[in-house]
Chemist: 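Let me give you the structure first, and then I'll get to my questions.
Chain letters run A, B, ... following the sequence lines, proteins first and then strands; every chain starts at 1.
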There are 2 protein chains.
Amino acid sequence: MAIHECVQLVPIFQELAEPQLDTIESIVRHHHYQAGETIFSADDPLDQLMIVSAGQVKVYQLAANGREQLLYLLQSGEIDGEAALFENQRRTSFGEALVPTDVCSIRREDFQNLMQQYPSISINVLNVFGKRLTQLERQTTSTATESVEARLANYLTETAASLNTNTFKLPLKKKDLATFLGTTPETISRKLTRFEQLGLITQKAGKVIQINDADQLLLTE
Amino acid sequence: MAIHECVQLVPIFQELAEPQLDTIESIVRHHHYQAGETIFSADDPLDQLMIVSAGQVKVYQLAANGREQLLYLLQSGEIDGEAALFENQRRTSFGEALVPTDVCSIRREDFQNLMQQYPSISINVLNVFGKRLTQLERQTTSTATESVEARLANYLTETAASLNTNTFKLPLKKKDLATFLGTTPETISRKLTRFEQLGLITQKAGKVIQINDADQLLLTE
DNA sequence: CGTCGTATTGATCTAGTTCAAGTACAGTGG
DNA sequence: CCACTGTACTTGAACTAGATCAATACGACG
């Protein structure tokens, strides 16, 4: 394992110099999870900041009727648990490793001390928060007001854009993608087939999708 | 107008002493808006923190298809605009005064200085952020996975609980409530009638609702 | 090569939207 | 104080997107 493996890749610690990163590294704890393993559950006491150093973590909630809603897909370098860094709260969501995943955590108290010492950290945390809030606002608006077809079209073009390519592998199982978009796997299947029939995309083997006409795709109502 | 009218009622400035509040007050700008007036729009440059000192502000987004989604209802003491306090961004939502409303604003630069001087402010901002994030996560989950009936039932009991009474006036027009819950005014009407027929609530004149059986209401699927 | 989880496809069903028409109601001006 | 007007709300009837249920097909992996 490389030195600073988590610490150095986390945006919230950028702008800190080597010796400071060393200090942080020394108070961090490392964990490894296998694919499918639960990292945290709703109702767990929330007293640590979690950093994904490698792998992929699915963060989801359960509704009263037991249905699952995927909220975030944390990639390496992303953090979770900020929501209650200063208050005693409990988690409201579940975290599950989708692939073998390395995670480090910092205890609340230690993190608070860090923030006192290096104010730039809190500014970075605020930024991360802000982005997440904006993203979630968009997600809320779109699940509440747009058709499944439009949401899926959006998701495909956004994913392609962020990967800078027209051909990419879906990073999620259809089941998870379905809960992310607030629908069912069956509907996803059907809509993808429909997009293909319209010539907007091409489905290749192994969850690989090629987008043929992003503009037209976005016009989907 | 009372001295410190905005500043003193904002949770993010709590723990600060009088002279500090004076300083803050001196850099704040005041505005008044009439009911129905637009306070900000999507795409506006976001360079101020906004504080609602009196009144009520509806914050909403527009989806691609033009439909409106209500995100927050800001009450006096609440703030908005934190999302981009440190980055140049543009607004993604609209703000509209629902009743005559007083607002004060602080320029980004001034606020950043404040945070440097009084670190407790940034901690308070983090907390506000965190709460909003948690609330929005719940809203996302529930619009995406629960029936309109369940969401409405939830909204009614939560509102009642937060006001500490069983009889209350809906703080929103049905039209706005509908976009908040991700549905239509017609559906709200019908569901309320249904709840009344089931004896779970009683509808009185002028948007006043009395909850008769909160427990049963929550069991609505 | 069989087995288990995942994906597709088809048929049916329903919650909620949409459109349209009518009603209550608050505010304004005479 | 009442009539007038515009907005909000309700109710009904028809329609549809998408969920659900069930059966089948696929594909990865031991």
Chemist: Starting at CG of L98(A) and ending at P of dG5(C), how long is that distance when rounded to a whole Å?
Modeler: 17 Å
Chemist: Just N and O in the side chain of K173(A): are any of them under 4.0 Å from OP1 or OP2 of dT6(C)?
Modeler: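 Indeed, a polar side-chain atom of K173(A) lies that close.
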Chemist: According to salt bridge (charged side-chain N to carboxylate O under 4.0 Å, His left out), who are the partners of R138(B), at least two apart in sequence or on a separate chain?
Modeler: E158(B)
Chemist: Which residues satisfy the ring-ring contact (aromatic ring centres under 6.0 Å, His included) test with F94(B), sequence neighbours excluded?
Modeler: Y60(B)
Chemist: Whether the T202(B) and Q210(B) side chains hold a donor-acceptor pair (N or O, under 3.5 Å, no angle test) is what I'd like checked.
Modeler: no
Chemist: Which sits closer to the 5' end of DNA chain D, K175(B) or E149(A), going by the nucleotide each is nearest to?
Modeler: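 So the residue in question is K175(B).
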Chemist: Name all residues meeting the ring-ring contact (aromatic ring centres under 6.0 Å, His included) criterion together with F129(B); count only those two or more places apart in sequence or in a different chain, and write none if there are none.
Modeler: F129(A)
Chemist: For L170(A) and dT6(C), what is the distance between atoms CG and P respectively, to the nearest whole Å?
Modeler: 15 Å
Chemist: Would you please say whether a donor-acceptor pair under 3.5 Å links the side chains of S53(B) and S76(B)?
Modeler: no
Chemist: Is a donor from one side chain sitting under 3.5 angstrom from an acceptor on the other, for S142(B) and N154(B)?
Modeler: no
Chemist: What is the distance from CD of Q34(B) to P of dG27(C), rounded to the nearest Å?
Modeler: 15 Å
Chemist: For the pair made of CD in E146(B) and P in dG16(C), what is the distance, rounded to whole Å?
Modeler: 11 Å
Chemist: Looking at I79(A), L126(A), V7(A), which one forms a side-chain contact (heavy atoms from CB on, under 4.5 Å) with I12(A)?
Modeler: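 By the side-chain contact (heavy atoms from CB on, under 4.5 Å) criterion, I12(A) pairs with just one of I79(A), L126(A), V7(A): I79(A).
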Chemist: Strictly by modelled atom types, are Y72(B) and E137(A) linked by a side-chain donor-acceptor pair under 3.5 Å?
Modeler: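 Note: Y72(B) and E137(A) side chains meet the donor-acceptor criterion.
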Chemist: Within residues 56-74 of chain A, find the residues that approach DNA chain C with a heavy atom at under 4.0 Å, and present them sorted by residue number.
Modeler: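 Within residues 56-74 of chain A, no residue comes under 4.0 Å of DNA chain C.
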Chemist: Taking the axis from the first five pairs and the axis from the last five, what angle separates them in the helix from dC1(C)-dG30(D) to dG30(C)-dC1(D), rounded to 10 degrees?
Modeler: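 The angle separating the two end axes equals 40°.
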Chemist: Dump the pairs, protein N or O against N or O of nucleotides 10-14 of chain C, anything under 3.5 Å, distances to one decimal.
Modeler:
from: dG10(C); atom 1: N7; to: R190(A); atom 2: NH1; distance (Å): 3.0
from: dG10(C); atom 1: O6; to: R190(A); atom 2: NH2; distance (Å): 3.4
from: dA11(C); atom 1: N6; to: R190(A); atom 2: NH2; distance (Å): 3.4

Chemist: Anything under 4.0 Å to a heavy atom of chain B counts; send over the first and last such nucleotide of DNA chain D, read 5' to 3'.
Modeler: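 Terminal contacting nucleotides, 5' to 3': dA8(D) to dA13(D).
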Chemist: Rounded to the nearest Å, what distance is computed from the CD1 atom of residue I188(B) to the P atom of nucleotide dT18(C)?
Modeler: 14 Å
Chemist: K191(A) has an atom NZ; how far is it from atom C1' of dT8(C), in whole Å?
Modeler: 15 Å
Chemist: Which residues satisfy the ring-ring contact (aromatic ring centres under 6.0 Å, His included) test with F40(B), sequence neighbours excluded?
Modeler: none
Chemist: Run the salt bridge (charged side-chain N to carboxylate O under 4.0 Å, His left out) check on E149(B) and K191(B) step by step: do they pass?
Modeler: CA-CA 6 Å; E149(B) 211 162 299; K191(B) 296 299 179 188; 2.9 Å; yes
Chemist: How many whole angstroms separate atom NZ of K207(A) from atom C1' of dT8(C)?
Modeler: 15 Å
Chemist: Taking only residues two or more places apart in sequence, or in another chain, which ones meet R107(B) in a salt bridge (charged side-chain N to carboxylate O under 4.0 Å, His left out)?
Modeler: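 Listed in chain order: D110(B).
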Chemist: Suppose the criterion is salt bridge (Lys or Arg N to Asp or Glu O under 4.0 Å): which pairs have a residue in residues 39-55 of chain B, not counting sequence neighbours?
Modeler: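 Residue pairs passing salt bridge (Lys or Arg N to Asp or Glu O under 4.0 Å), neighbours aside: none found.
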Chemist: Taking only residues two or more places apart in sequence, or in another chain, which ones meet Q69(B) in a side-chain hydrogen bond (donor to acceptor under 3.5 Å, both in side chains)?
Modeler: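 Counting only residues at least two positions away or on another chain, Q69(B) forms no side-chain hydrogen bond (donor to acceptor under 3.5 Å, both in side chains).
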Chemist: Which donor-acceptor pairs under 3.5 Å do side chains of residues 166-179 of chain B form with protein atoms, sequence neighbours excluded?
Modeler:
from: D176(B); atom 1: OD1; to: K58(B); atom 2: NZ; distance (Å): 2.8
from: T179(B); atom 1: OG1; to: L70(B); atom 2: N; distance (Å): 3.3
from: T179(B); atom 1: OG1; to: D176(B); atom 2: O; distance (Å): 3.2

